[in-house]
Every structure is written in C-alpha cells, then in structure tokens.
Amino acid sequence: MTVAIYSRSVEYLSEDDLHRLLALGAKYGFRFLFNKNYAEQTETELAVYDTVDDIPAETRCIISYGGDGTFLHAVNFIGTRPLPVLGVNSGRLGFLSSVNNCDMETALQALIDNSVRTEERVMINARGTFSPEISELNALNEFTLQKNGLNMISIDAYVSGEYVATYMADGIIVSTPTGSTAYSLSIGGPIVTPGCHCFILNPIAPHHLTMRPLIIDSSASVKLKVTTRNNSCIATMDNRSFEVKNDAAFTLSVSPHRIRVMKPDNQSFYDTLRKKLMWGADNRK
C-alpha cells in the first residue's frame, strides 16, 4: 500500500520518529513517499515527491505529520485532488490531526483493515484581490480581515446582497464548521459540528460589545468591504496572509471543492472535544 507523508520539518517528524515509521512500514508492507522539502532536512535516503502530480494515483492517503498547521499546509498542497488526509499529531492541541504520534502503528493497522472513515469537509471560497496574481482562494478553516497597525478597521457585511452591519473592530473571521475549533473559538465563537452547513461571522475585538458571532446558512454568499485609516489591512486564508488595500472587497461562498478528512472508526468529533478540551475532567486530581 502506497501512502504519502507530508511534514514541514524534522521538528515535527524527528529522525527517531522517522526511523520508527519506516520500520512500521517495512513490518506492514507500506511504501512511503515523503515531500521533498522534508526529505532534504533528513540524513535518511527517502522516496520523495515534489508536486502533488508526483503522487501515484493508487496512493491510499496522505498523512500529515505535525500539528493542525501542518494539516492545513497539506490541504493547500494537494489542492483540488481528492486525496484523503489523515492527520498525525506531534504538535500541541491538534483538532484536525486526530491520531497521536504514539498511535501510528494502530493507525497503519486501521488502514490495512480499512477500519477508517472519510468525512467530506466544506471549504470556503473567497474572491477578491489578494495580490496582483491571486484573485481566488479556498480555505478549510477560515477567511479573515484584520487591521494592519494600531487603528481598528471598518467592515461592511452583506449576506446574499442584504446589508447586515458595519463591524468596527480589529477584524472579522468567517469560519467554516471545521474552523469553529480554531481562531473563531479563541475569541468566543461557538463550536459547530463538522457536518453542519453553515458559516460563522465572528468579529475580532468589536467596538460595540453587542456585536456577537452570527451563524448563517452556507448556501448564502457573504460580501465584505473594508475601510481603514491605514493604507492597507491583512486578509488571511487559513495559514496564508496577504496585505490588501483600503476599500478591498471580498465575496465568500461555499467552495465546489471538498476536503476528505480520514479518521479511525473508533474516533468521533465528541471524543476529540472531550479529550482535547478536557470536558468533564476533574482538575483536583
């Protein structure tokens, strides 16, 4: 079975873990391919791929080895190719990277036994002027507009052509259900199960405290126009950031492209919440 491995550096997939992974691959009959950027950082000779087109058609999945940031890099790397992504967490919290580093053997056995499931996750599509060369991008977690300097920015928001409000804030996040446990959660947004068909509009440090997160149907389109006292502000799509001009406008909608997230059958979204956020844990122990 061919499996592609994607990691950003030996900080996430160390030489020791790499040798353990290769030993497991030999034990279970896996053929591993490694992204070129990672392979160049190791002293071990590895089979590599440089672009997504170098990954053979029969490849079972791509394993993201790191944290959620690495997972998002892997999603961006594969683009529109329908290759399932299995996240192995060697980072910190790891909502997307659900398999612990120490459970790699169990995860590989699950691939052999086909005791895994693949969930399709909605992505957000943003159209606007990110740069002279880029006018359209997709993101798994969120799109944001943020101030670039000390002054707050003003963001006019429209949903399906209807004016909603002008947000005076440090910025705004438009999150997918998958992204509800990322940046949006850190500023008080709701946790949304991945199968919901919605977006979350969440202001960052709003000037008016009555402006709260707003959940809208993902069939709607969202238009945002930003005004700033500075010459520019920052637009982000997951882990990519762009300096955009004053009066920049973006239109957001559901992307026709879906990301296929692979998980072992014995894991659920609620298991992840309970374990990662320590729900119900008795801190007195």
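Predicted, not measured: the structure shown is a model, and the values here were computed from it. What's counted below: heavy atoms across the whole structure, side chains too, no hydrogens, waters or symmetry copies.
Sorted by first and then second residue, the pairs that involve residues 242-255 and meet side-chain hydrogen bond (donor to acceptor under 3.5 Å, both in side chains), not counting sequence neighbours, are Asn138-Ser255, Ser232-Glu243. Every pair passing side-chain hydrogen bond (donor to acceptor under 3.5 Å, both in side chains) that includes a residue from residues 202-213 is listed here, sequence neighbours excluded: Ser184-Asn202. For residues 51-79, the ring-ring contact (aromatic ring centres under 6.0 Å, His included) pairs, not counting sequence neighbours, are Tyr6-Phe77, Tyr49-Phe77. Among pairs with a residue in residues 188-198, none fulfils salt bridge (charged side-chain N to carboxylate O under 4.0 Å, His left out), at least two apart in sequence or across chains. Identified under the ring-ring contact (aromatic ring centres under 6.0 Å, His included) test for residues 159-178, with sequence neighbours left out: Tyr158-Tyr163. Listed by first and then second residue, the salt bridge (charged side-chain N to carboxylate O under 4.0 Å, His left out) pairs that reach into residues 130-142 come to none, sequence neighbours excluded.
Environment of CD in Glu58: crowded, with over 12 heavy atoms of neighbouring residues, nucleotides or ligands closer than 6.0 Å. Residue Arg127 places its CZ atom among 12 or fewer non-hydrogen atoms of other residues, nucleotides or ligands, all under 6.0 Å distant. Enclosure of atom CZ in Arg117 by more than 12 non-hydrogen atoms of other residues, nucleotides or ligands within 6.0 angstrom is indicated. When the shell of 6.0 Å around NZ of Lys263 is examined, it contains more than 12 heavy atoms from other residues, nucleotides or ligands.
Looking only at side-chain heavy atoms (C-beta outward), Pro177 and Cys198 come within less than 4.5 Å of each other. Side-chain contact between Cys233 and Gln146 is absent, with no heavy-atom pair separated by less than 4.5 Å. The closest side-chain heavy-atom distance from Leu83 to Ile55 is below 4.5 Å. Looking only at side-chain heavy atoms (C-beta outward), Ile259 and Val261 come within less than 4.5 Å of each other. In this structure, the side chains of Leu72 and Asp68 stay at 4.5 Å or more apart for every pair of heavy atoms. Using a 4.5 Å cut-off on side-chain heavy atoms (C-beta onward), Thr178 and Val122 make no contact. Counting heavy atoms from C-beta on, the side chains of Leu145 and Leu224 come closer than 4.5 Å. Under the 4.5 Å side-chain criterion, counting only non-hydrogen atoms from C-beta, Met262 is in contact with Leu111.
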Test side-chain contact (heavy atoms from CB on, under 4.5 Å) applied to Val99 and Asn89, step by step: CA-CA 6 Å; Val99 176; Asn89 182 33; over 6 Å; no
message: I'd like to know whether Tyr183 forms a side-chain contact (heavy atoms from CB on, under 4.5 Å) with Asp238, so could you lay out the CA-CA distance, the side-chain angles of the two residues, the decisive distance to 0.1 Å, and finally the verdict.
response: CA-CA 9 Å; Tyr183 193 1; Asp238 286 345; over 6 Å; no
task: Begin with the C-alpha distance, continue with both residues' side-chain angles, and end with the deciding distance and a verdict on side-chain contact (heavy atoms from CB on, under 4.5 Å) for Met104 and Leu24.
output: CA-CA 8 Å; Met104 268 305 302; Leu24 289 173; 4.2 Å; yes
Glu15 and Thr44: CA distance, side-chain angles, deciding distance, side-chain hydrogen bond (donor to acceptor under 3.5 Å, both in side chains) verdict: CA-CA 8 Å; Glu15 289 282 357; Thr44 305; 3.3 Å; yes
message: The test is side-chain hydrogen bond (donor to acceptor under 3.5 Å, both in side chains); show your working for Thr236 and Ser241 and say whether it passes.
response: CA-CA 4 Å; Thr236 74; Ser241 65; over 6 Å; no
- request: Would you sort out whether Val3 and Leu33 count as a side-chain contact (heavy atoms from CB on, under 4.5 Å), showing the intermediate values?
  value: CA-CA 6 Å; Val3 169; Leu33 304 175; over 6 Å; no
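With sequence neighbours left out, Arg240 forms a salt bridge (charged side-chain N to carboxylate O under 4.0 Å, His left out) with no residue at all. For Lys225, there are no salt bridge (charged side-chain N to carboxylate O under 4.0 Å, His left out) partners two or more places apart in sequence or in a different chain. Annotation: salt bridge (charged side-chain N to carboxylate O under 4.0 Å, His left out) contacts of Arg31 (sequence neighbours excluded): none. Every residue two or more places apart in sequence or in another chain that forms a ring-ring contact (aromatic ring centres under 6.0 Å, His included) with Phe130 is listed here: Phe242, Phe250.
For the atom pair Glu11 CD and Thr70 OG1, the distance stands at 9.0 Å (nearest 0.5 Å). With values rounded to the nearest 0.5 angstrom, Leu21 atom CG is found 6.5 Å from Leu108 atom CG. Note that the CD1 atom of Ile187 and the CD1 atom of Ile172 stand 9.0 Å from one another [nearest 0.5 Å]. In this structure, OG on Ser7 lies 6.0 Å from OH on Tyr38, to the nearest 0.5 angstrom. For the atom pair CZ of Phe199 and CD1 of Ile216, the computed distance is 7.0 Å after rounding to the nearest 0.5 Å. Rounding to the nearest 0.5 Å gives a distance of 6.0 Å between CG of Leu140 and CG of Leu96.
Listed here is the closest heavy atom pair of Gly189 and Pro213: CA-CG, 4.2 Å. The minimum heavy-atom distance between Lys223 and Ala249, with the atom names listed, is CE-CB, 4.3 Å.
A donor-acceptor contact shorter than 3.5 Å links the side chain of Asp54 to the backbone of Thr51. Panel note: side chain His257, backbone Met123; no donor-acceptor pair is recorded below 3.5 Å. A donor-acceptor pair under 3.5 Å links the side-chain atoms of Ser97 to the main chain of Gly67, judged by distance alone.
A donor-acceptor pair shorter than 3.5 Å cannot be found between the side chains of Ser160 and Glu162. Side-chain contact of Asn37 with Gln41: a donor-acceptor pair under 3.5 Å is absent, judged by distance alone. Judged by distance alone, the side chains of Ser175 and Ser180 never bring a donor and an acceptor atom under 3.5 Å apart. Between Arg121 and Asn141, the side chains place no donor N or O within less than 3.5 Å of an acceptor N or O (distance only, hydrogens not considered). No side-chain donor-acceptor contact under 3.5 Å links Asp103 and Thr106. Side-chain atoms of Ser219 and His197 include no donor-acceptor pair closer than 3.5 Å.
The aromatic rings of Phe30 and Phe32 lie parallel to each other, with less than 30° between the two planes, well short of the 60° mark.
Note on Met237: it does not cluster hydrophobically with Val85, by side-chain heavy-atom contacts below 4.5 Å among ILVMFWY residues. A continuous path of ILVMFWY side-chain contacts below 4.5 Å connects Val222 to Val254, so both sit in one hydrophobic cluster. In the hydrophobic clustering of ILVMFWY residues, with side-chain heavy atoms under 4.5 Å counting as a link, Tyr270 and Ile191 come out together.
A salt bridge is absent between Arg20 and Glu105; no separation between the charged side-chain nitrogens and carboxylate oxygens falls under 4.0 Å.
Through chains of ILVMFWY side-chain contacts below 4.5 Å, Met152 is grouped with Met168. Ile215 forms part of a hydrophobic cluster together with Val192, Ile200, judged by ILVMFWY side-chain heavy-atom separations under 4.5 Å.
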